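Note that this is a predicted model, so its numbers are computed, not measured.
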Amino acid sequence: MQKMAELLGLRDECGEGTLGAPALAGSCLADNRLNLDVYPDGCRRFLQLFKEQQGELVQVEFLRLSSNDCLLDTTLDNLPHLKHLKSLVLKGGHARDKFGSYQHGSLTSLPPDFGNLRCLTHLDLSFNRLSTLPSCILHLPSLRVLLVSHNCLVTLPEDFGCLSKLTFFSAMKNQLKDLPQSIGELSMLQDLDLSENALELLPEEVGNLHNCTELDLSGNCLSSIPDSLANLKSLRRLHLHSNLLVTVPASLASLPNLSRLDLQNNCLRAIPAEIQALPFVHVRGNPLGETEPSPQADKSSTRRLKRHFLASGEGSFTVTSEGCRVVLACGIHFYFPPGAASAPLRIHFRSLTPDPQWVKLRHHDVLLSRVLELQPHGIQFQQEVQIWMPYISPQTPHQHEVVVRTFSGQSWNDLKTRVKQKRRSKKCVAHCCVLHFSWFLVVSRLVQNECKVPAEGTLLFSSVDPNIKVIFPPGVTEEPRSVKLQVLPVSAEEIQEITAQAECRASPLLYLSQDSMVDFLKPVRIQLPLPPGVTGLNLDRSRLHILHGDLEGQTWNDITSEVVLEFTHLYAMFEVTHFSWYWLWYTTKTYIGGIAKKVYERLRLYQVNFIALQRKRDPEQVLLQCVPKHKVDPVLKKLQDRYRGPEPSDMVEMFEGEQFFAAFERGISIDMDRPDCVDGRLSFIFYSHLKNMKEIYVTSPVDRKGQAVKGQVSFYRGAVPDSIPEDASRRRKGPDSLWLATLPIKLPQLKPRWDENPTPLYGFSFPPLNLGNAETGYLTQANLLSIARRVGADWQSIGLNLGLTYQQIERIGYNNREDLNKQILDMLFSWAQQNSEDPDCVSKLIRALKESGRQDIADEVEAIVELGRQKYSESIRRLGLEQESSTEDSAIAMIST
């Protein structure tokens, strides 16, 4: 194994090739475990090992690979040679798509000789593209744990029940419509998770799973469940929420070990008295006590509609022809009227981080929400579905309006939107109606007035400034066309501040657009108010300029000499045949185009400051944020009790949707495997009304035992958005122009290690832990650290199965938001401290890992504990105590008889 470690570039601090079992999670290789899913080229490394060290590689018992790897197919052909393999993980989700969501792996099948892995007990194929379960899996005689969640399975094999040793099976988030009758032959099955599928019926044979302790059927299309479920005498938890149940058998109340029955969000109008009497039954979200609606009832009535209240971990719900109301944990509301869906339909949703490469904002747009994706895309509803999306109230309500924008697959389009403020919470929501689902977000745009121009002509004026009018004469067009008008007011103070010239003045900016590529047949007459302080009485015509800007505002041309200007006491009027930006300036300058371009660019910029703060109780936890200038003081005041750090950076200017990076320098580094880490730097996207904040852990390769590390974090510009003016883009090229600001970061001197003198570990002040006892085997603090590194996103499920309450889990998540590692450590070490005196705590941990679907970690913990037991037995034999103990036991037995 030492040569294998050298090939992988893994050597511990002592120079030894392989790491011991206590540190097995800290590297990709430890004893008989090979963790290659942490590398983007893990399959290439596996193939290299197979070629150069095949004799040692075939001894591996635990293997993890990423199914997002491009060399996966070649690697699969070599896996059947690993005859000793006990645990195999081939999961996707190690790469992200352009929307920031985890990508499914490329796995669609397994090689036929995969069934030769006679020792395999744990197989995880989650987050892949399996449409059918590979037949070779049914030939794995030792298989006990099988996970195929987040795939595309429509059905299971008829002989699925031949996996007689299976104790755990998870097929959540697939497309299963039915189950084979042979599922009842899985006599050893303890945990069955079939949530988030499309099941409509269950076979009676499910009642033969006599050892089943947990059954999750939530998020399906079940209208009833078989009476045979009452035969599951070992069942402790039954999850049936978010289905279409209209009745449940009263016999469920007779289950002797049942401790949780979840019937929430169904169609139950009545529940048997025996079940209602159970203290652990949950029935919220059912139309209890309501009668069946008569055919003459008002179908538009919403009082009888079923309501769904979804928790933060849920990602889908079911809509029927009866309609319903749905409330997501993030505050988004849906109203599906009766008849909107002709058949039961599963709706999936997710919240995405906006990416400027995909979310294209227009000039002067302000993003007010994250992106909401609703699936299935493009499905046509029979009636309009209403959506209410919360948003952050913009700072310029007069000249801007809030709209919901949707992505059609080709472009973003604005929907007719109504906004309101909730009475109690004072939060703002945007309301729209749609007939199909795709992607949605909330933006603030310049107020838009529009009209249909007929051949007879019409008049269009601005609601922001009614003095701005556009007059379409008769005969201006042959076919009716749609015209839009937007206005951006610019104050005299803004003009003077940007130009530093008191005599410069300008009218509001006018933007005109139409849905036709053909110019108008007759000139269109435009009326603009004269710049502030200018009237027909004091007007100097030589100082007045009409500027025409292109669609992107990149160039501004003086067209004064090309049009006929007319004046009244308050207005200037001129005629045009095509639409774009128009701007009326009053100045002594001869060349005004360059000045207008500079002002227009500055109107789109935001003045911001960067802050870098360290948590007082844990200086290695750093908070980075880009804050608009006017919000800096309130943000610092809010954070001052928990954080300390230098003064904010000097003011810099950024565009909406502009990318920037944070780089830790001078002896400070971060985890390079973070998905938002690009070339060692953290990536941010600046949106003026969204939180541009990240909280991360930093480390230092420098020895901090002798002295503190005085490092820094620098901020740099990233990719320039497409809509940035050409001059601004040109100024932002080159290494010097990319730098924005630098703030100091200081990591204090390290205290002695925990094993030398107990001190805070990753922010926790726990004494050295030894869970368990000598005879059953210990788990040390180092073992817990290696376990923590493997837990990942399953930490909440594991915590709940360890006995932590929902409130404790939520508090841990909130206190350590933006840092998954800290959440895991907080959960695991808090539990360990509370249960260190419990001799059965190691068994509880193993049980919790299995119940959470992490059989791979449970197997490793059992291996560590078994190794400890063996060492204890050997020490007993060496001391000659085993024989004395046996003699004493024999004497006690003789006395007893």
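Closest approach of Leu215 and Leu232 over heavy atoms only: CD2-CD1, 4.2 Å. Between Asp69 and Gly42, the shortest heavy-atom contact is OD2-N, 3.3 Å. Considering every non-hydrogen atom in both Leu624 and Ala612, the closest pair reads CD2-CB, 3.7 Å. Nearest heavy-atom pair across Leu130 and Asn151 is N-OD1, 3.0 Å. Gly813 and Gln823 get closest at one heavy-atom pair: O-NE2, 3.4 Å. The two residues Leu186 and Leu209 make their nearest non-hydrogen contact at O-CD2, 3.4 Å.
Legend: residues meeting salt bridge (charged side-chain N to carboxylate O under 4.0 Å, His left out) with Arg237, ordered by chain and number and at least two apart, are Glu214, Glu851. The ring pair (Phe, Tyr, Trp, His ring centres under 6.0 Å) search around Tyr643 returns none, not counting sequence neighbours. Residues meeting the side-chain hydrogen bond (donor to acceptor under 3.5 Å, both in side chains) test with Ser149, sequence neighbours left out: Ser126. Residues satisfying the side-chain hydrogen bond (donor to acceptor under 3.5 Å, both in side chains) test with Ser683, not counting sequence neighbours, are Gln659. Among residues two or more places apart in sequence or in another chain, the salt bridge (charged side-chain N to carboxylate O under 4.0 Å, His left out) test is passed with Arg642 by none. Gln712 pairs by the side-chain contact (heavy atoms from CB on, under 4.5 Å) definition with Glu665, Arg666, Ser714, Thr742, not counting sequence neighbours. By the ring pair (Phe, Tyr, Trp, His ring centres under 6.0 Å) test, Phe664 pairs with no residue at all, sequence neighbours left out. With sequence neighbours excluded, no residue forms a ring pair (Phe, Tyr, Trp, His ring centres under 6.0 Å) with His241. In terms of the side-chain hydrogen bond (donor to acceptor under 3.5 Å, both in side chains) criterion, Asp191 has no residue partners (sequence neighbours excluded). Under the salt bridge (charged side-chain N to carboxylate O under 4.0 Å, His left out) criterion, Asp794 pairs with Arg854, not counting sequence neighbours. By the side-chain hydrogen bond (donor to acceptor under 3.5 Å, both in side chains) test, Gln264 pairs with Asp262, sequence neighbours left out.
Atom CG of Asn265 and atom CZ of Phe309 lie 8.0 Å apart (nearest 0.5 Å). To the nearest 0.5 angstrom, Arg64 atom CZ is 7.5 Å from Asp124 atom CG. In this structure, CD1 on Ile137 lies 5.0 Å from CG on Leu125, to the nearest 0.5 angstrom. A distance of 8.5 Å separates CG in Asn128 from NE2 in His104, rounded to the nearest 0.5 Å. Interatomic distance, Leu623 CG to Ile611 CD1, rounded to the nearest 0.5 Å: 6.0 Å. From Leu63, atom CG reaches atom CG of Leu79 across 6.5 Å, with rounding to the nearest 0.5 Å.
Using a 4.5 Å heavy-atom cutoff, the side chains of Leu147 and Phe168 are in contact. Proximity of Trp831 to Leu845: side-chain heavy atoms (C-beta onward) are separated by under 4.5 Å at one or more points. In this structure, the side chains of Val145 and Leu123 stay at 4.5 Å or more apart for every pair of heavy atoms. Between Leu34 and Phe62, the closest side-chain pair of non-hydrogen atoms is not below 4.5 Å. Side chains of Leu238 and Asp216 form no contact here, defined as non-hydrogen atoms less than 4.5 Å apart. Within the 4.5 Å cutoff, the side chain of Lys165 has no heavy atoms near those of the Leu163 side chain. At least one side-chain heavy atom of Phe169 sits less than 4.5 Å from a side-chain heavy atom of Leu189.
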Run the side chain to side chain contact (heavy atoms under 4.5 Å, CB included) check on Leu194 and Met172 step by step: do they pass? CA-CA 5 Å; Leu194 298 172; Met172 68 176 296; over 6 Å; no
Given Ser259 and Arg236, is the side-chain hydrogen bond (donor to acceptor under 3.5 Å, both in side chains) satisfied, shown in steps? CA-CA 5 Å; Ser259 61; Arg236 291 185 292 175; over 6 Å; no
Evaluate the criterion side chain to side chain contact (heavy atoms under 4.5 Å, CB included) for residue pair Asp679 and Phe661; output intermediate values, then yes/no. CA-CA 10 Å; Asp679 297 329; Phe661 293 96; over 6 Å; no
Tell me, with the steps shown, if Arg615 and Glu620 meet salt bridge (charged side-chain N to carboxylate O under 4.0 Å, His left out). CA-CA 7 Å; Arg615 189 177 284 270; Glu620 292 183 344; over 6 Å; no
His282 vs Leu263, side chain to side chain contact (heavy atoms under 4.5 Å, CB included): CA-CA, chis, key distance, verdict: CA-CA 6 Å; His282 302 269; Leu263 299 173; over 6 Å; no
Begin from the C-alpha positions of Leu192 and Leu217 and carry the test side chain to side chain contact (heavy atoms under 4.5 Å, CB included) through to its verdict. CA-CA 9 Å; Leu192 178 58; Leu217 297 168; 5.7 Å; no
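Counting non-hydrogen atoms of other residues, nucleotides and ligands closer than 6.0 Å to CE of Met188 gives a total of 12 or fewer. The local environment of NZ in Lys86 is sparse, with at most 12 non-hydrogen atoms from other residues, nucleotides or ligands closer than 6.0 Å. Atom NZ of Lys746 has 12 or fewer heavy atoms from other residues, nucleotides or ligands within 6.0 Å.
In this structure, the side chain of Asn692 engages the main chain of Leu690 through a donor-acceptor pair within 3.5 Å.
Side-chain N/O atoms of Gln621 and Gln614 include no donor and acceptor closer than 3.5 Å. Side-chain contact, His239 with Ser218: no donor N or O sits under 3.5 Å from an acceptor N or O. Between the side chains of Arg144 and Thr167, not a single donor N or O lies within less than 3.5 Å of an accepting N or O. Checked by atom type, the side-chain pair Asn211/Ser234 shows no donor-acceptor distance below 3.5 Å.
Both tests hold for Lys694 against Phe684: distance to the six-membered ring centre under 6.0 Å, angle to the ring axis within 45°. Relative to the six-membered ring of Phe280, Arg260 misses at least one condition, a distance below 6.0 Å or an angle of at most 45° to the axis.
Checking Leu146, Leu143, Val89, Leu88 one by one against His122, the side-chain contact (heavy atoms from CB on, under 4.5 Å) holds for a single residue, Val89.
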Pair up each side-chain donor or acceptor in residues 796-804 with any protein partner under 3.5 Å, not counting sequence neighbours, and list the distances.
unit_1 : atom_1 : unit_2 : atom_2 : d
Ser797 : OG     : Ser852 : OG     : 3.3
Asn801 : ND2    : Ser797 : O      : 3.1
Asn801 : ND2    : Ser852 : OG     : 2.8

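By the 30° and 60° cut-offs, the orientation of the rings of Phe127 relative to His150 is parallel.
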